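Worth knowing before you read on, the calculation uses all heavy atoms, side chains too, and leaves out hydrogens, waters and symmetry mates. The first residue of the sequence shown is numbered 1, and numbering continues consecutively from there. From a predicted model like this one, the values you see are computed outputs, not experimental measurements.
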Amino acid sequence: MNKLHRFSALLLAVVMIASLAACGKKQPDIKEQVKNTMESVASDIQSEAEKLAEKARSSDQAGNNHADEANSGAENATENGGKTSGDKGLDLEHASFDYVNPFSEGLAWVIHKGQIKVINKEGKEIFKTDSSSYETDIPLPFKDGVSCYNVGDNYFIIDKEGKTLYQTKEYKEDDYEQILAYGNGGFLVHRFSKGFKDGKKTGGHTMGMIDKNGKEITEFYAVDFTPEEKWDHLCDGVFYEPLDGKVFDTQSGKCSSIGSNVDSIGNDTVSTLSVLRSITAENGKVWVKLSTLHGLGIMDVHTLEIQEFNYKDDNNTFIIDDIGVVDGVYYNLSGEKVAEISAYMPNVIRRGDFSDSGVTPLVMNDGSCYITYVDKNGKDQFDPIKLGNEWSFTKDHFADSDGTQVVVYDNTGKEVCRKKVTDHKDLRLYDDYFIAGKNYYFFK
């Protein structure tokens with residue numbers, strides 16, 4: 001029975017009592033019912049009042065929550081250049097980044113307002129470090145679900161949620177460890193310690209590998225040098241330090257120099273903003289750029305023996321991941337010819353890998369730069385398109401900037417999208433986005 005019905009019953013009972021009393025009849029049973037009914041109604045009224053009070057409090061809280069959300073949305077809109085996103089992530093095209101890195105496994109390290117952070121492709125902050133940008137080197141990209149960053153001289157291995165899996169011991173000048181690189185399922189580590197036992201010096205510099213939880217997975221070998229902080233993984237647990245040209249094999253402990261005849265290992269063009277060089281290895285072999293007239297060779301990473309390739313024009317030698325190009329002939333890492341494309345030689349200044357559809361980009365220069373894609377027979381997919389001052393390409397797309405907007409095309413020459421950009425410098429194109437200046441722009 002609801003509140004209105006209870007009040008109606010009470011009034012009816014009162015009227016009945018009044019009528020019976022007027023007739024001089026005793027009705028103790030009815031009086032008792034009226035008493036019970038009044039007590040019940042009073043209880044209902046009190047309960048209803050409590051519910052209304054609670055509802056009012058909830059309404060006030062909801063109003064406060066909506067106000068907080070509105071304020072948060074306004075702050076986010078200001079940060080995002082006037083735009084908000086569904087998950088309150090940063091607007092990647094307008095956020096004020098201090099530094100940006102390419103995405104790896106769907107995540108990217110950025111510096112935003114002086115803070116080192118990891119974001120996803122929706123701009124959502126996954127986590128941030130406790131350090132400022134001045135305390136941290138460029139973190140390692142995510143691979144196999146893990147990454148590594150440092151705060152000063154302390155290093156942290158983390159997963160994709162930002163959980164710390166391993167932390168190096170507290171740095172001491174005479175006892176420390178550094179994480180140098182990732183590859184072959186583990187991290188390359190340099191350790192240093194000083195000691196004195198039985199009248200002899202102990203410790204020194206050692207190198208070896210640990211897994212993501214800090215467990216040693218190789219022996220730690222003594223080395224007679226102080227390793228630099230950034231190394232590249234070639235393959236099979238063999239790492240390369242590009243500054244001094246050293247190669248360290250974590251399985252044997254052998255450390256060697258690649259020699260003065262090797263200029264570099266891996267792709268020719270590497271952005272200074274990239275974390276690591278692009279090095280592709282197969283069956284223990286990598287492409288190397290030779291110092292002598294920019295020739296090419298295939299190097300065995302274990303023996304450092306090099307198979308050199310003869311060339312006629314040193315301006316037409318290129319390394320493209322697992323492909324080496326000499327005078328328009330494309331070779332794989334087994335030394336086998338893959339294709340021969342002499343189109344536009346000797347004006348070709350850049351080449352790319354083959355797409356799944358079997359075409360590859362060529363960039364030519366005859367005073368201005370042009371780009372087209374050709375098949376393995378050298379047939380154009382479209383007439384060469386003139387490029388501006390900033391451009392970039394992959395095997396599937398190329399991007400060109402006129403200073404105010406970037407136009408992305410596919411490898412048939414068809415326009416995919418146009419994006420207005422704040423800063424067109426350092427244009428870098430990837431599978432489904434490009435970086436211009438210090439912002440991300442997606443086109444798929």
Side-chain angles (χ1 to χ4, degrees), residues 104 141 143-144 181-185 188 231-242 245-252 254 256-270 274 276-342 345 348 350-362 373-378 393-396 431:
S104 54
K143 191 171 184 180
D144 299 330
Y182 180 85
N184 207 39
L188 178 67
W231 289 60
D232 300 326
H233 181 241
L234 299 180
C235 64
D236 305 333
V238 179
F239 292 83
Y240 165 60
E241 193 280 295
K246 294 185 182 299
V247 175
F248 179 72
D249 190 331
T250 59
Q251 302 302 315
S252 66
K254 181 181 178 182
S256 309
S257 173
I258 57 176
S260 58
N261 63 322
V262 175
D263 185 51
S264 63
I265 298 177
N267 284 10
D268 289 313
T269 303
V270 181
S274 296
L276 296 176
R277 291 178 59 83
S278 177
I279 299 175
T280 303
E282 287 183 3
N283 300 319
K285 295 181 179 181
V286 295
W287 282 101
V288 297
K289 194 82 171 179
L290 301 177
S291 302
T292 309
L293 295 176
H294 306 290
L296 295 187
I298 296 175
M299 184 179 77
D300 186 304
V301 302
H302 298 287
T303 65
L304 304 188
E305 294 179 355
I306 298 175
Q307 175 188 354
E308 296 188 19
F309 284 77
N310 295 322
Y311 57 89
K312 296 177 181 178
D313 186 347
D314 64 316
N315 290 320
N316 273 292
T317 57
F318 305 89
I319 297 175
I320 313 159
D321 297 325
D322 60 340
I323 296 292
V325 184
V326 180
D327 294 327
V329 181
Y330 292 65
Y331 297 93
N332 60 25
L333 280 166
S334 296
E336 301 168 336
K337 185 168 76 171
V338 175
E340 184 171 359
I341 302 174
S342 58
M345 288 178 59
V348 177
R350 292 283 300 278
R351 295 177 185 262
D353 201 357
F354 285 97
S355 68
D356 292 340
S357 59
V359 298
T360 181
L362 297 179
Y373 284 69
V374 300
D375 62 19
K376 291 186 178 182
N377 296 315
F393 65 84
T394 67
K395 61 185 179 181
D396 295 310
D431 288 341

Calculate, to the nearest 0.5 Å, the distance between atoms [atom1] and [atom2] belonging to [X] and [Y] respectively.
| X | Y | atom1 | atom2 | answer |
| --- | --- | --- | --- | --- |
| Leu333 | Asp321 | CG | CG | 10.0 Å |
| Ile306 | Lys285 | CD1 | NZ | 12.0 Å |
| Leu296 | Asp327 | CG | CG | 9.5 Å |
| Leu234 | Asn184 | CG | CG | 11.0 Å |
| Asp263 | Ser291 | CG | OG | 4.5 Å |
| Arg351 | Leu362 | CZ | CG | 5.5 Å |

Is the shortest side-chain heavy-atom distance between Tyr240 and Val286 below 4.5 Å?
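No, too far: nothing below the 4.5 Å cut-off.
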
Any non-hydrogen side-chain atom of Ile323 less than 4.5 Å from a side-chain atom of Asp353?
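With C-beta onward as the side chain, the pair touches.
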
Please identify each residue that fulfils salt bridge (charged side-chain N to carboxylate O under 4.0 Å, His left out) with Glu340, with sequence neighbours left out.
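Only Lys337 meet the salt bridge (charged side-chain N to carboxylate O under 4.0 Å, His left out) criterion with Glu340.
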
If you take all heavy atoms of [X] and [Y], which pair is closest and at what distance?
| X | Y | value |
| --- | --- | --- |
| Gly352 | Phe393 | CA-CE1, 3.9 Å |
| Val288 | Val262 | CB-CG1, 3.9 Å |
| Asn332 | Val338 | N-CG2, 3.8 Å |
| Phe318 | Val348 | CZ-O, 3.8 Å |

Apply side chain to side chain contact (heavy atoms under 4.5 Å, CB included) to the pair Asp144 and Tyr182, showing each step before the final yes or no.
CA-CA 10 Å; Asp144 299 330; Tyr182 180 85; 2.6 Å; yes

Aromatic plane relationship, Phe309 with Trp287 - under 30° parallel, 30 to 60° tilted, over 60° perpendicular:
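Tilted, since the angle between the ring planes falls between 30° and 60°.
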
Just do the side chain to side chain contact (heavy atoms under 4.5 Å, CB included) check on Lys246 and Trp231 with the steps written out, would you?
CA-CA 9 Å; Lys246 294 185 182 299; Trp231 289 60; 4.2 Å; yes

Name all residues meeting the ring pair (Phe, Tyr, Trp, His ring centres under 6.0 Å) criterion together with Phe239; count only those two or more places apart in sequence or in a different chain, and write none if there are none.
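Applying ring pair (Phe, Tyr, Trp, His ring centres under 6.0 Å) to Phe239 gives His233.
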
Side chain to side chain contact (heavy atoms under 4.5 Å, CB included) between Phe354 and Lys376: does it pass, once the steps are laid out?
CA-CA 9 Å; Phe354 285 97; Lys376 291 186 178 182; 3.4 Å; yes

Donor-acceptor pair, Thr394 side chain versus Asp396 backbone, under 3.5 Å?
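Between the backbone of Asp396 and the side chain of Thr394 there is a qualifying donor-acceptor contact (under 3.5 Å).
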
When you look at CG of Asp431, are more than 12 heavy atoms from neighbouring residues, nucleotides or ligands closer to it than 6.0 Å?
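Counting other residues, nucleotides and ligands, CG of Asp431 stays at 12 neighbours or fewer.
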
Neighbour count >12 (heavy atoms, 6.0 Å) for atom CD, Gln307:
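Enclosed.
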
Thr317 and Lys289: side-chain hydrogen bond (donor to acceptor under 3.5 Å, both in side chains), yes or no, with the steps?
CA-CA 9 Å; Thr317 57; Lys289 194 82 171 179; 3.2 Å; yes

Using the rule side chain to side chain contact (heavy atoms under 4.5 Å, CB included), only one of Asp300, Asp249, Leu304 pairs with Val238; which is it?
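Exactly one option meets the side chain to side chain contact (heavy atoms under 4.5 Å, CB included) with Val238, and it is Asp249.
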
Side chain to side chain contact (heavy atoms under 4.5 Å, CB included), that's the test. Do Thr360 and Lys395 meet it? Break it down for me.
CA-CA 6 Å; Thr360 181; Lys395 61 185 179 181; over 6 Å; no

